[in-house]
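Each remark here refers to the structure printed beneath this line.
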Amino acid sequence: MSVDILLGLQWGDEGKGKIVDVLTKKYDLIARFQGGPNAGHTLIFDGKKHVLHTIPSGIFHNKAINVIGNGVVIDPVIFKKELDNLATHGIDFKSKLFISRKAHVILPTHRMLDAASEASKGVEKIGSTLKGIGPAYMDKTGRNGFRIGDFELADWKIRYEKLKEKHLKMLEFYKVDVEFNLEEAEALFFEAVEKLKTIQFIDSEEFINNAILTGKSILAEGAQGSLLDVDFGTYPFVTSSNTTAAGACTGLGIAPNKIKEVLGIFKAYTTRVGSGPFPTELFDQVGADMGRIGNEFGATTGRPRRCGWLDLVALKYAVQINGVTQLIMMKSDVLSGFDTIKVCTSYVFKGNAIGHLPYNIESENVTPVYTEFEGWETDLTLLKDKKDFPPSLNNYIAYIENFVGVPIKIVSVGPDRNQTILM
Ligand code: GDP
Ligand code: IMO
Ligand code: MG
């Protein structure tokens with residue numbers, strides 16, 4: 001069988017966790033392919049909210065196997081917390097959760113380096129989640145990293161110490177004070193490693209390709225969003241991995257010709273957390289209302305998310321980079337009650353109208369051009385069928401589909417698993 005990919009098309013937090021959970025019943029295997037505990041994927045069902053950072057969002061279903069792929073970076077401490085939070089759910093982690101030996105490990109000193117790097121940048125900081133993501137991926141590509149499989153080696157503590165010493169030397173370079181209790185962090189780390197070792201480590205590329213050969217259906221779960229991709233995002237205000245479809249190939253060991261559907265997920269408006277350009281950002285009451293109604297606070301850091309109108313120039317770019325075959329529109333309910341809804345359909349870039357995402361999208365270079373729509377009053381959160389959609393929502397959907405050339409297959413009308421409408 002083949003593999004489908006689900007990934008975010010904006011700056012993250014599109015609602016990936018919710019939709020992976022909704023779709024898991026269709027799949028045998030859910031596999032996270034990149035990112036780490038910078039991700040916060042929220043699932044709500046039976047009146048309870050769960051936030052996952054490293055564990056794939058298929059974990060609450062009976063049948064599906066969940067794999068953390070080689071492209072992911074894992075902090076044992078956060079991973080242990082996630083397992084502890086799930087303790088009451090009676091999940092058999094031995095048979096349902098597997099970790100790639102080739103996934104990289106976030107050491108406590110990676111977090112120190114992240115903090116020092118951000119502090120040294122001052123106002124130009126990226127707004128990182130400070131989970132050690134950048135430094136861990138730097139060690140990976142610099143060929144110094146510590147991998148999950150290393151925990152199976154007799155000398156893993158020596159390897160750990162060697163890398164830690166290197167990091168401590170690197171910290172001197174930054175000349176900033178980082179408040180960090182390394183001794184305490186290491187005690188938690190070593191305790192968490194023991195818990196981590198209770199989960200099966202696998203040669204995940206072999207495992208996943210065998211699953212494909214034996215007819216299993218696979219959903220690859222992305223983290224972050226396409227505009228945070230290290231190559232195609234708003235560099236340098238990005239994360240340190242490939243969040244786009246290609247990342248699923250390298251992050252799981254899946255060949256491109258095994259990919260079938262690419263499910264691209266976006267909010268009916270736009271949010272961003274952390275620094276960096278955001279052409280359609282709103283600084284007025286409308287933006288504040290979106291944030292309040294949409295409860296736009298980071299699932300990992302609790303920071304307020306910046307809000308603005310849907311940017312179709314950026315969406316079309318993300319659809320193209322990923323080869324998206326189906327769209328999923330989230331948080332449509334949040335737009336109920338706005339008199340007018342706007343979407344950005346082109347930019348004025350250095351005085352000229354353009355329809356693509358240019359190299360520099362900082363506000364001094366780019367002014368968004370909007371098309372306006374009549375809003376709707378209907379409370380969407382109670383709807384069960386698309387036939388009950390207000391005409392202006394249908395109009396909005398049709399416009400987006402036509403603009404980017406891909407159908408919207410799911411419309412989400414609330415955070416709960418059940419508030420999901422198949423088109
Ligand atoms: P992810 O990182 O892509 O998994 O998204 P997050 O979980 O970080 O953020 C999405 C937020 O929106 C969470 O708080 C979800 O519970 C919530 N959410 C998801 N879908 C909807 C929706 O259709 N309507 C509303 N109002 N909230 C939603
Ligand atoms: P999910 O999977 C939204 C942002 C950070 C920062 C930049 C770099 O929940 O959608 P990093 O910690 O990677 O060094 O941060 O990327 N960021 C996210 N924003 N959702 C996420 O994940 C994010 N993961 C990282 O805010 O701007
Ligand atoms: Mg999130």
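Both counts, for ligands and for their atoms, begin at 1 and track the order of listing. Everything quoted here is computed from the prediction, not taken from an experiment.
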Step-by-step ring-ring contact (aromatic ring centres under 6.0 Å, His included) determination, F45 to H50
CA-CA 9 Å; F45 53 87; H50 307 274; 5.1 Å; yes
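Pocket lining of ligand 1, defined as residues with a non-hydrogen atom under 4.0 Å away: D13, E14, G15, K16, G17, K18, G40, H41, T42, I44, A299, R305, M330, K331, D333, V334, S412, V413, G414, P415.
Using cut-offs of 30° and 60° for the angle between ring planes, the F98 and F207 rings count as tilted. By the 30° and 60° cut-offs, the orientation of the rings of F146 relative to Y160 is perpendicular. In this structure, F201 and F151 have tilted ring planes: the angle between them lies in the 30° to 60° band. Ring geometry for W11 versus F278: interplanar angle of 30 to 60°, hence tilted.
Figure legend: cation-pi geometry between K316 and F403, with NZ or CZ positioned under 6.0 Å from the six-membered ring centre and within 45° of its axis.
Ring centroid separation for the pair F79 and H53 does not come in under the 6.0 Å cut-off. Between F60 and H89, the ring center distance clears the sub-6.0 Å criterion.
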Which donor-acceptor pairs under 3.5 Å do side chains of residues 121-136 form with protein atoms, sequence neighbours excluded?
| from | atom 1 | to | atom 2 | distance (Å) |
| --- | --- | --- | --- | --- |
| S128 | OG | D114 | OD2 | 3.4 |
| S128 | OG | L130 | N | 2.9 |

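Between the side chains of Q10 and S226, no donor N or O sits under 3.5 Å from an acceptor N or O. If you check the side chains of Q224 and N38, you find a donor sitting under 3.5 Å from an acceptor. Side-chain contact annotation: E374 with T340, donor-acceptor N/O pair under 3.5 Å absent.
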Give one line per pair: atom of ligand 2, protein atom, distance. Only N/O to N/O under 3.5 Å.
| from | atom 1 | to | atom 2 | distance (Å) |
| --- | --- | --- | --- | --- |
| ligand 2 | 2 (O) | H41 | NE2 | 2.7 |
| ligand 2 | 2 (O) | Q224 | N | 2.8 |
| ligand 2 | 9 (O) | D13 | OD1 | 3.0 |
| ligand 2 | 9 (O) | G40 | N | 2.9 |
| ligand 2 | 9 (O) | G40 | O | 3.1 |
| ligand 2 | 10 (O) | D13 | N | 2.8 |
| ligand 2 | 10 (O) | D13 | OD1 | 3.4 |
| ligand 2 | 10 (O) | K16 | NZ | 2.7 |
| ligand 2 | 12 (O) | S128 | OG | 3.3 |
| ligand 2 | 12 (O) | T129 | N | 2.9 |
| ligand 2 | 12 (O) | T129 | OG1 | 2.5 |
| ligand 2 | 13 (O) | N38 | ND2 | 2.9 |
| ligand 2 | 13 (O) | T239 | OG1 | 2.6 |
| ligand 2 | 14 (O) | S128 | OG | 2.9 |
| ligand 2 | 20 (N) | D13 | OD1 | 3.1 |
| ligand 2 | 20 (N) | D13 | OD2 | 3.4 |
| ligand 2 | 22 (O) | Q224 | NE2 | 3.4 |
| ligand 2 | 24 (N) | Q224 | NE2 | 3.1 |
| ligand 2 | 26 (O) | G127 | O | 3.4 |
| ligand 2 | 26 (O) | V273 | O | 3.0 |
| ligand 2 | 26 (O) | R303 | NH2 | 2.9 |
| ligand 2 | 27 (O) | V273 | O | 3.2 |

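Protein N/O/S atoms nearer than 2.8 Å to the Mg ion (ligand 3) total 2.
Within a 6.0 Å sphere centred on CD of E401, other residues, nucleotides and ligands contribute more than 12 heavy atoms.
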